[in-house]
Amino acid sequence: MKKDIIIAIDGHSSTGKSTLAKDLAKALNYIYIDTGAMYRAVTYYALQNNLISDNHIDKEQLIKDLNNIQIDFKYNPGKGFAEVYLNGQNIENEIRQMRVSNFVSQIAAIPEIRKKLVAQQRKIGQDKRVVMDGRDIGSVVFPDAELKIFMTASPEVRAKRRYLELLDKGEDVSYIDVLTNVLKRDKIDSERSASPLIKTKDAIEIDNSYLTREAQLDMVLDLAKNRINQS
Ligand code: DC
């Protein structure tokens, strides 16, 4: 007997969590949910509504505005994954900009925001058959997930990947700025009091500094099939 499972993929930023999660979801015919995109969507809302100026975030107003923030995922068959929408607008490209990356960790540290987004994530995963990536999926959102993966890679490898991605999108950035952002986000994500990034005891750690995309997928797909076939 096969069973439906939840696959939780957590880890540091720019470790290719979403690449692995998308590949897995496709291979298993599961839904893929990028929870980082949800925190990015809230950050984008804050930027668009002038709730972030200089280095100050108007947290009080943002929390008041939470009821006006509707985040949805809609499957794009051309791209093969679900894109994120904010109040009906597709913001998949906008949320990857550096101006969003620069503030998202601070936004993700606000407990009221986490509470709302975690509730929505649990609802999406209630029927299982989902691959969800983030920072707290195996620890908080789905502590009983059947398969938990914790991904890491050296900061330099991760910054180089993100730098090349941004260059490819035409952003004018320097490698040093990207590395600084990666290190800063690691620190905030791991040290915040609300659901910090941790590796749970039952998570399987993968360091993919020198692993190919295919090798990594094969490895995790084996683990997933093993869980699915366990009765
Ligand atoms: O995976 P990402 O880089 O798109 O995530 C953006 C930010 O959101 C990152 O700083 C960590 C935070 N995040 C989080 O706190 N919890 C999640 N489940 C997903 C992302």
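In listed order, ligands and their atoms are each counted from 1.
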Would you say [X] and ligand 1 have an N/O pair spaced under 3.5 Å apart?
X: Arg96; value: no
X: Asp34; value: no
X: Tyr39; value: no
X: Thr35; value: yes
X: Arg114; value: yes
X: Asp189; value: yes

Please step through side-chain contact (heavy atoms from CB on, under 4.5 Å) for the pair Ser101 and Arg40, ending with a clear verdict.
CA-CA 8 Å; Ser101 300; Arg40 287 173 180 272; 3.2 Å; yes
Salt-bridged, Asp202 to Arg227, with N to O below 4.0 Å?
no
Note the single closest protein heavy atom to [atom], along with its residue, its atom name and the distance in Å.
atom: atom 3 (O) of ligand 1; result: Arg185 NH1, 2.8 Å
atom: atom 9 (C) of ligand 1; result: Arg135 NH2, 3.4 Å
atom: atom 4 (O) of ligand 1; result: Arg40 NE, 2.7 Å

Mark yes when over 12 heavy atoms from residues, nucleotides or ligands other than Lys59 sit less than 6.0 Å from its NZ; otherwise mark no.
no
Tell me, yes or no, whether the heavy-atom count around Asn68 atom CG, taken from other residues, nucleotides or ligands under 6.0 Å, exceeds 12.
yes
Taking only heavy atoms of Arg192 into account, list the atoms of ligand 1 that are under 4.0 Å away from them.
14 (C), 15 (O)
Can you sort out the partners of Lys201 under side-chain contact (heavy atoms from CB on, under 4.5 Å), two or more places apart, ordered by chain and number?
none
With no hydrogens and no angle check, just 3.5 Å: does a side-chain donor-acceptor pair link Ser105 and Asp189?
yes
Distance-only side-chain donor-acceptor flag, Tyr32 / Asp133, under 3.5 Å
yes
Counting heavy atoms only, name the option from Ala108, Ser105, Ser101, Ser14 that's nearest to atom 10 (O) of ligand 1.
Ser105
Filter on side-chain hydrogen bond (donor to acceptor under 3.5 Å, both in side chains), then keep only pairs touching residues 118-132, sequence neighbours left out; what's left?
Asp4-Arg129, Lys128-Glu146
Per-residue contact class, Lys184 against ligand 1 - non-hydrogen pairs under 4.0 Å:
neither
